[in-house]
Amino acid sequence: MPNESVFSICPYCGAGCGLNLQVLDGRLVGVRPSRSHPVSQGRLCIKGWHANEFVTSEDRLTTPLIRKDGRLQPAPWKEALDLVAARLRAAAPDGIGALSSAKCTNEENYLMQKFVRVVLGSNNVDHCARL
Amino acid sequence: MLEQVRRHCKEALDAKRLDLVYGVGNRKAGPAPRFFSTAEELDELVLAGKEPLVFTCRPSDRNVVDLVRERSPTAKLGIVARGCDERALFELAKRFQLSLDGIEIIGVACDQAQAEECRCPRPYPKNLAFGTPLDKPVDDPVLEKLQRLPLEERLAFWRYQLSKCVKCYGCRNACPMCFCKECQMEGELFVPRGAQPPEFPTFHFVQLIHLADRCIDCGECERACPMDIPLRLLKKSLRSEVRERFGYEAGVDPTTASPLGSIERGEPSHAE
Ligand code: SF4
Ligand code: SF4
């Protein structure tokens, strides 16, 4: 089939609008609102209308970056995670804040706030949908 | 009628008269446009009245039919088209956005119920293959009511309606006839950044003016608007204005030149 319409959910926010991604030879070429989706009923916001574009965006991060000598530099995952763990251990609990995301699942968001409250001992929990 | 259309398409594929059929397919996640290349696949063809076949893909700003034809340039393509789908194809071809060569339009007429739901004045294609065209045009009761109001009340109506706009650009994105690389609805000249709601009436009128002799009256702008702004009333009014002044109706036939896209001898703007 030359062109496929692949049903998906918009990843930008927690509303979860229905998308039909337009795929041509395995490449994302466009997006259409899904009319049969009960949440969005054929409508999208400006972000949803462009939800296909970030997938192949050159601005997308593909590796962790660590600031060294004032510049963000690519780093391996192990180094990045070790650094984050060391900094979290060293910080006072009230000095830590965590931002979760409407793009994550409920379970991931639950884990995030639990980790911050119980393990790190901080109540500073927020999420991107309030920014 | 659905069975007849399916049979026609299956025979065309089997006889290699067509290589591909474009239409609406039923899926678990709801109907969506798709291409069919085998007779078995065609069992999923439906004649759903809510899914437009012709739309612009972004960021390339090209319509889906043109993109697929670029990939398979020699494939003979059949398109199961309603009136509005065909109008979009005709008007895009006139504006060099696709070529109709090697395309067979398998036209299907909509029934009364569909036409009323769409408030459609022309619920049948020129290349009619299946169904009977409605003999009486469907009136648009909403438009008629609006047109009976005095001018000030109409202005107040639009001031209120357009003030609901959240600038999602859904009306532009959903329009099969919006394909410009540089859209003036995004240009700083007419649409200042960050102004919400956008200035009355420039934002919406930029699109209206550009669609004056292009709008094929499919209703997609209105269906895409999350704020329920009755955009189609504006476009319908404009369409009837262009019909009265220039005798032109976008998409009705594939050859008549559009009034804004052509210059005739003797026109004031035409220098010999
Ligand atoms: S707009 Fe007209 S031609 Fe298109 S589906 Fe509705 S009734 Fe049919
Ligand atoms: S679809 Fe509606 S809300 Fe969105 S830009 Fe168009 S008029 Fe405004």
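Chain identifiers are assigned alphabetically (A, B, ...) following the order of the sequence lines, protein sequences preceding nucleic acid strands; residue numbering begins at 1 within each chain. Note that the structure is a prediction, hence the values are computed from the model and not measured.
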Quick one: what part of L44(A) sits under 4.5 Å from any heavy atom of chain B, side chain, backbone, both or neither?
-> backbone
So with a 6.0 Å cut-off around CZ of R95(B), is the heavy-atom count from everything else above 12?
-> yes
Q22(A) side chain reached by F55(B) side chain, heavy atoms, under 4.5 Å | yes
Chain A heavy atoms under 4.5 Å from V166(B): which part of the residue, side chain, backbone, both or neither?
-> neither
Short question: side chain of R43(A), backbone of C225(B) - any donor-acceptor pair under 3.5 Å?
-> yes
Is it the case that more than 12 heavy atoms not belonging to K68(A) sit under 6.0 Å from its NZ atom?
-> yes
Answer whether the closest heavy-atom distance between the side chains of P33(B) and R32(A) falls below 4.5 Å.
-> no
Above 12 or not: heavy atoms from other molecules or residues under 6.0 Å from NZ of K16(B)?
-> no
Take atom OH of Y160(B) as the centre, draw a 6.0 Å sphere, and report whether it contains more than 12 heavy atoms from other residues, nucleotides or ligands.
-> no
Nearest-0.5 Å distance, CZ of residue R58(B) to CH2 of residue W49(A) = 8.0 Å
Given R27(B) and N20(A), is the side-chain contact (heavy atoms from CB on, under 4.5 Å) satisfied, shown in steps?
-> CA-CA 11 Å; R27(B) 305 170 305 171; N20(A) 282 326; 2.9 Å; yes
More than 12 heavy atoms of other residues, nucleotides or ligands under 6.0 Å from NZ of K114(A): is that the case?
-> no
Hey, could you give me the SG/NZ distance between C45(A) and K167(B), rounded to the nearest 0.5 Å?
-> 14.5 Å
Is the count of non-hydrogen atoms from other residues, nucleotides or ligands lying under 6.0 Å from E188(B) atom CD greater than 12?
-> yes
State plainly whether the residues E220(B) and R35(A) are in salt-bridge range, i.e. N to O under 4.0 Å.
-> yes
Smallest separation among heavy atoms of S36(A) and A29(B), with atom names | OG-O, 3.2 Å
Taking every heavy-atom pair that is under 4.5 Å apart, which of P59(B), S72(B), G30(B) has the most such pairs with chain A?
-> P59(B)
When the 4.5 angstrom heavy-atom criterion is applied to A174(B) and chain A, the contacting part is both
